[in-house]
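Data first, discussion second: the structure below is written as structure tokens.
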Amino acid sequence: MTAQDSGKRSDYLSWDDYFMSVALLSAQRSKDPNTQVGACIVNRQKRIVGVGYNGFPTGCSDEALPWHREGDFLDTKYPYVCHAELNAVLNSVPGNLAGCSIYTALFPCNECAKVIIQAGIREVVYLSDKYAATDSFRASRRLFDQAGVVCRQLKPASRIVTITLDENG
Ligand SMILES: O=c1ccn([C@H]2C[C@H](O)[C@@H](COP(=O)(O)O)O2)c(=O)[nH]1
Ligand SMILES: [Zn+2]
């Protein structure tokens, strides 16, 4: 029987698009007004073992800390925000992340690169590389290259994934 004869849907999400969609859905939880990042860690059995998004640490109010990009360093978000990839690693089910892949909306910065490498994650699948020219992101590439972590930019099969939160489906 061919796939067509079986009656199977043909427009289902590929694994790559599915895991990136989970990362992007997680990013929707971010309070960052400029850049919302989500990350999804997947093991070799294609099971999701951790998700995260960029946000302030647990117990630190989203209203009491600044979300600004500019100004005195302490008046910006940068010293306070936990990056999506860090949160995905810290939120992961206890166990081993060795050999996992991480799907992330944005190519990881150098701090996240260190966490990813130390966690044993072997593949980074990313969507945006908008900060590729900055030192932090150039350092990430250098770290990933040396550590043998494979990075690939996802070219999604479906550019739009629709989710309708409607009780009638
Ligand atoms: O690897 C990364 C790099 C950055 N982020 C987060 C940290 C911030 O909340 C935003 C970046 O803000 P900009 O206004 O674009 O500078 O992205 C991350 O989660 N992971
Ligand atoms: Zn980072």
Side-chain angles (χ1 to χ4, degrees), residues 16-43 48-156 159 161 163:
D16 273 350
D17 288 8
Y18 169 57
F19 295 132
M20 189 59 81
S21 298
V22 171
L24 295 178
L25 187 63
S26 307
Q28 294 290 314
R29 285 279 310 148
S30 175
K31 318 298 183 307
D32 191 320
N34 193 56
T35 303
Q36 301 84 41
V37 187
C40 173
I41 303 175
V42 179
N43 71 12
I48 295 173
V49 292
V51 289
Y53 58 88
N54 52 329
F56 293 142
T58 307
C60 299
S61 161
D62 288 318
E63 287 82 39
L65 291 170
W67 280 110
H68 309 300
R69 307 183 75 220
E70 278 157 21
D72 289 345
F73 184 59
L74 291 181
D75 295 329
T76 70
K77 62 187 169 184
Y78 297 109
Y80 311 111
V81 70
C82 294
H83 290 191
E85 301 89 328
L86 173 70
N87 278 334
V89 168
L90 295 176
N91 291 341
S92 62
V93 289
N96 200 342
L97 297 185
C100 285
S101 298
I102 187 165
Y103 287 74
T104 178
L106 178 66
F107 188 80
C109 75
N110 65 309
E111 293 301 328
C112 291
K114 289 183 253 182
V115 170
I116 289 167
I117 293 166
Q118 294 302 74
I121 293 171
R122 300 303 295 163
E123 184 187 38
V124 173
V125 187
Y126 60 95
L127 209 49
S128 166
D129 201 9
K130 68 175 179 172
Y131 292 130
T134 66
D135 283 349
S136 164
F137 291 78
R138 289 168 66 194
S140 306
R141 292 228 172 252
R142 195 171 179 178
L143 288 167
F144 285 140
D145 280 353
Q146 289 201 17
V149 173
V150 175
C151 300
R152 64 182 167 94
Q153 186 167 33
L154 182 65
K155 302 293 174 215
R159 276 202 63 240
V161 176
I163 298 173

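On a predicted model such as this, the values are computed, not experimentally measured, just so you know. Atoms within each ligand, like the ligands themselves, are counted from 1 in listed order.
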### Message
If the cut-off is 4.0 Å to any non-hydrogen atom of Val81, which atoms of ligand 1 fall inside it?
### Response
7 (C), 9 (O)
### Query
Are any of the N/O atoms in Cys109 less than 3.5 Å from those in ligand 1?
yes
### Message
When you compare ligand 1 with Ala84, is there at least one nitrogen or oxygen pair between them that comes in under 3.5 angstrom?
### Response
yes
### Task
Could you tell me how the ring of Phe107 sits relative to the ring of Phe137: parallel (under 30°), tilted (30 to 60°) or perpendicular (over 60°)?
tilted
#### Entry: Where Thr35 and Asn54 come nearest, the two heavy atoms and their spacing
O-ND2, 2.8 Å
### Query
Can you list the atoms of ligand 1 that are under 4.0 Å from a heavy atom of Cys112?
1 (O)
### Query
Are there more than 12 heavy atoms of other residues, nucleotides or ligands under 6.0 Å from atom CZ of Arg152?
yes
### Query
Considering only heavy atoms, does His83 approach ligand 1 within less than 4.0 Å through its side chain, its backbone, both, or neither?
both
### Message
Students should be able to answer this: which protein heavy-atom is nearest to atom 15 (O) of ligand 1, and at what distance?
### Response
Tyr131 OH, 2.3 Å
### Query
Under 3.5 Å between some N or O of ligand 1 and some N or O of Asn34?
yes
### Task
Specify the closest pair of heavy atoms between His83 and Cys112, including all atoms of both residues, with the distance to one decimal.
CB-SG, 3.3 Å
### Task
Using a strict 4.0 Å cut-off to heavy atoms of Pro108, name the atoms of ligand 1 that fall inside it.
1 (O)
#### Entry: Residues Arg142 and Asp145 bridged, charged N to O under 4.0 Å
no
### Query
Is there a side chain to side chain contact (heavy atoms under 4.5 Å, CB included) between Asp16 and Tyr103 once you walk through the steps?
CA-CA 8 Å; Asp16 273 350; Tyr103 287 74; 2.7 Å; yes
#### Entry: Within 6.0 Å of OH in Tyr18, more than 12 heavy atoms from elsewhere
no
### Task
Would you give the angle at the Zn ion (ligand 2) between His83 atom ND1 and Cys112 atom SG, to the nearest 10°?
110°
### Query
Which atom pair, heavy atoms only, marks the closest approach of Trp67 to Asp62?
NE1-O, 3.2 Å
### Task
Please write down residue, atom name and distance for the protein heavy atom closest to atom 16 (O) of ligand 1.
Tyr78 OH, 2.5 Å
### Task
Around atom 11 (C) of ligand 1, find the nearest protein heavy atom and jot down its residue, atom name and distance.
Thr35 CB, 3.8 Å
### Task
For atom 8 (C) of ligand 1, find the nearest protein heavy atom and state the residue, atom name and distance (0.1 Å precision).
Asp32 OD2, 3.4 Å
### Task
Go through the steps for Asp17 and Val161 under the test side chain to side chain contact (heavy atoms under 4.5 Å, CB included), then give the verdict.
CA-CA 9 Å; Asp17 288 8; Val161 176; 5.6 Å; no
### Query
What is the closest protein heavy atom to atom 6 (C) of ligand 1, and at what distance does it sit?
Asn54 ND2, 3.6 Å
### Query
Which is closest to atom 12 (O) of ligand 1 in terms of heavy atoms, Arg69, His68, Glu85, Lys77?
Lys77
